[in-house]
Every structure is written in structure tokens, then in C-alpha cells.
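Below, read A as the first sequence line, B as the second, and so on, with proteins coming before strands; counting in each chain starts at 1. Quick note: numbers below take in every heavy atom, side chains included, and nothing from hydrogens, waters or symmetry partners.
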There are 2 protein chains.
Amino acid sequence: MTAEPAGPDELDYLSFVDYAVSEAGARLPEIDADALRLVLTLHRVTSAIVYDLESAVHRPRGLSWPGFRVLFVLWIAGPLESKRVAELSGMSRAAVSALVNTLERDGLVSRRQADHDRRAVQLSLTDTGRETIVGDYHAHNEREQAWATTLDPAERAQLVGLLEKLMAGAATAAAKRRF
Amino acid sequence: MTAEPAGPDELDYLSFVDYAVSEAGARLPEIDADALRLVLTLHRVTSAIVYDLESAVHRPRGLSWPGFRVLFVLWIAGPLESKRVAELSGMSRAAVSALVNTLERDGLVSRRQADHDRRAVQLSLTDTGRETIVGDYHAHNEREQAWATTLDPAERAQLVGLLEKLMAGAATAAAKRRF
DNA sequence: CCATAACAATCAAACCTTTGATTAGTTGTG
DNA sequence: CACAACTAATCAAAGGTTTGATTGTTATGG
């Protein structure tokens, strides 16, 4: 009464994947249903984790998810040109520029002209920015642990390995990448 | 000369993960570096795939990634109340409402009042919407295949299994979820 | 040495997202 | 039956994203 192939009325966010794979496969037999399942599952798991982290950790502390990513990159690889922040965080240069307006207004990041190239802008964390990202990242990591402990260490390593392989394949293939 | 632990100047989107894990682990020994690596890798791989699909497949055909997701849900589980679309696509009801303004303007989706509840709105694909999503999904799936073929069938199954386990753990744990 | 191409950042317009009100309709209970 | 509690959708304000144009600076080849 519950393990039946659910009809469209009993679906939820989780079971939608199975339903979509069987429906799409039945309607378009030429597609690769395994690839559909892989990408759909990957997207849903990642979205759930990001939603959890953003709403439970970052928003309550006054940061957006993109804001967190920029502060994290600056904290790890610190002071950097705007262009490098875009590369390392996976955002466009325009998005970094717009986002830094907010972070600068909030006193977390400062801009200054680079010495060697007057076109470039050097971004640094302010003292407040550094305190913010350290505290924020502690809370972030606790939540990451909560997610990660669902898997035992061997499974975690396996998952990371498979994801890295997937990513490496993309570099080889002609995937459209920002960098 | 290349496999050295890269300094901040030689980093790129891919190698940033290793650098971040070692830097964060060194600065904050109390954190769980494995969990950091897992979430960071998962997010970067997924973002790369979504960016590829959106920019190579959907935008050129006039759809945004969120627009694609809504059309896909309606195509698979078709006509649905707005609330159900939000649940199945993982968006907020407000986001669906705003997005459907665009999709309706473009003639892909139609709204009508539900019979059984005058508050509810029933969403359906128009004929154009159905043609659009079928053609679009064919192109989408070809790209999905290109990504998926990096892994052999056993690896793909393993990856999906690990992701499902991760997701199931979240339902159990107190992860903050939309649904 | 100077014109042209390349490049860094920002701007602009259009779109999507979030949270928190608001509006309208439904349901349950005394 | 009336009223309170709840629910569906939309609105509003603030923020973030994209692509493509613009502005200013640097590099290059004739």
C-alpha cells in the first residue's frame, strides 16, 4: 500500500525522481534514463543541502549564500583581485561586482585599486569581515557534519571520488564552462 | 613542479577545494575537514552541470533553468495546482507564482481556477508549452548523457545510491527543509 | 609611436528568489 | 450559524543573476 509506484497525487520532492524517470523513459524511449536520474538526484540533494545551510546558518547571521561564498574565498585565499574571486567562487565578474557593493556597504569587504594595474580592484576582508566568516564558518561546518555523518568515512571518500571523476570528465569533454 | 600544493596564485575553480580543505583545517583544527570537502565538491560539481545545461541548452532556446524545471514538472505530472508545482519542483509558492507570470506571458503555461477550491490555481502546459518541453528535454538529456558517460554504469549506480542515502539521512536528521 | 585589440570592472535591463504582508476562500468548533 | 484558525495565491521590497554595452587601462604589431 506504500511501496506501489506512486501516482502523481502522492508524489513529493523525493519520490518525484523515480516517477519522472519512469514517465520520461516511457514517453521518450530514446532518452538515457540513467543520466536523467543521476542529474536530477544530484541537483535535488545539492539544493536541499544549500537550502538548509543558507536558511539555518547564513541568513540568520545576515549573510546570503553568495555573500558567504565570496567571504569564504577571501578568507581562504585572501586578498585577491576581483577577477580571481570570480574564478575561485564560480561567479561572473559582474555578479562579484554587484555582490561586493552589498558586502562593502555592510563593512565586510574593502575595495582598493591594485598597484600593478589600474584597471584591477583588490578585494580584502575587513576585520569585521574576518570575524564574521570565522564565526559563520564554524556554524556552517557543524551543519556540514550533520549531513556528512549520514555516510560512513569510506562512503564519503567514495562519493567525493565519484564526484571528482565526474568533474574531471567535464574538463575533458566539451562542457560549457565559465572558466 | 605541478603536483606541488599550489599556492593561492595558481589556484583555479577545481584546485580551490584542496587548498580550502588544507587551509581551513590548519587554521581551525576543530572543524571536520572531510565534511567541508564533501559539501564543497558536491556544490561545485552540481553548479558546473547546471551552468552547462542552462547556458548550452536552455537559454539558447529561450528558457531559464527555473522555467525549465516548472515545465518539466508539469510535463511529467501534468496539470497540477500551483502549490503542488512548488512542492515537486522545490521552489517556494511565491517563486512559482512569479515565474508563472513569465511562462504564461510566453504562452507556455496557462492558469485557471480550480473547481474544488476557489483559492487554488490549476496550472497546465499549453500545446506550445508541451512542444517546447519535449524538444528542450531531448537536448537536455543529450547533455546529461555527455556528463554521465564519464562514469561507467556501476559507478553511476553507486553515485546515485550514495546521494539517495545522503538525502534520506536529511529527512531523518533535523535538516531545515522546505517540505 | 601609435592605432587597434584585449582586458578589468561596472552599468543597465530583465528575470528570479526570499521573507513577510495582504487578500480571499475554506474549515472546524462552540 | 458565527467566528477563529488556517490555507492558497499574490504582492512588495530587497537582493542576486545573466548578457551585453560602456568606460578606462594595458599590451601589441605595423
[X] [atom1] - [N] [atom2] separation (whole Å):
X         : N       : atom1 : atom2 : value
Met91(A)  : dA9(C)  : CE    : P     : 14 Å
Leu99(A)  : dT17(C) : CG    : C1'   : 14 Å
Glu54(A)  : dT19(C) : CD    : C1'   : 12 Å
Asn101(B) : dT17(C) : CG    : C1'   : 14 Å
Gln113(B) : dT26(C) : CD    : C1'   : 13 Å
Leu103(A) : dG15(D) : CG    : C1'   : 11 Å
Lys83(B)  : dA9(D)  : NZ    : P     : 8 Å
Leu63(A)  : dT19(C) : CG    : C1'   : 17 Å

* What nucleic acid atoms does Arg105(A) come within less than 4.0 Å of, heavy atoms only: base, sugar-phosphate, or nothing? -> sugar-phosphate
* Asked: Heavy atoms under 4.0 Å, any strand shown: does Ala94(B) hit a base, just sugar-phosphate, or nothing?
  -> base
Just list the side-chain donor-acceptor pairs under 3.5 Å for residues 62-71 of chain A, sequence neighbours left out, or say none.
residue, atom, partner, partner atom, Å
Ser64(A), OG, Gly67(A), N, 3.0
Trp65(A), NE1, His43(B), NE2, 3.4
Arg69(A), NH2, Ser89(A), O, 2.7

If only side-chain N and O atoms of [X] are considered, is one of them under 4.0 Å from the OP1 or OP2 phosphate oxygen of [N]?
X         : N       : answer
Arg93(B)  : dT10(D) : no
Ser92(A)  : dT19(D) : no
Ser64(A)  : dG16(D) : yes
Arg118(A) : dT26(D) : yes
Arg111(A) : dT10(C) : yes

Side chain [X], main chain [Y], donor-acceptor under 3.5 Å:
X         : Y         : answer
Arg44(A)  : Tyr13(A)  : yes
Asp117(B) : Arg119(B) : yes
Glu155(B) : Asp152(B) : yes
Arg84(B)  : Leu11(A)  : yes

* Between Glu144(A) and His140(A), does any side-chain donor sit less than 3.5 Å from a side-chain acceptor? -> yes
* Between Asp117(A) and Ala98(B), who's closer to the 5' end of DNA chain C by nearest nucleotide? -> Asp117(A)
What's touching nucleotides 3-6 of chain D from the protein side, N or O pairs under 3.5 Å?
none

* Leu163(A) vs Thr46(B) side-chain heavy atoms within contact, under 4.5 Å -> no
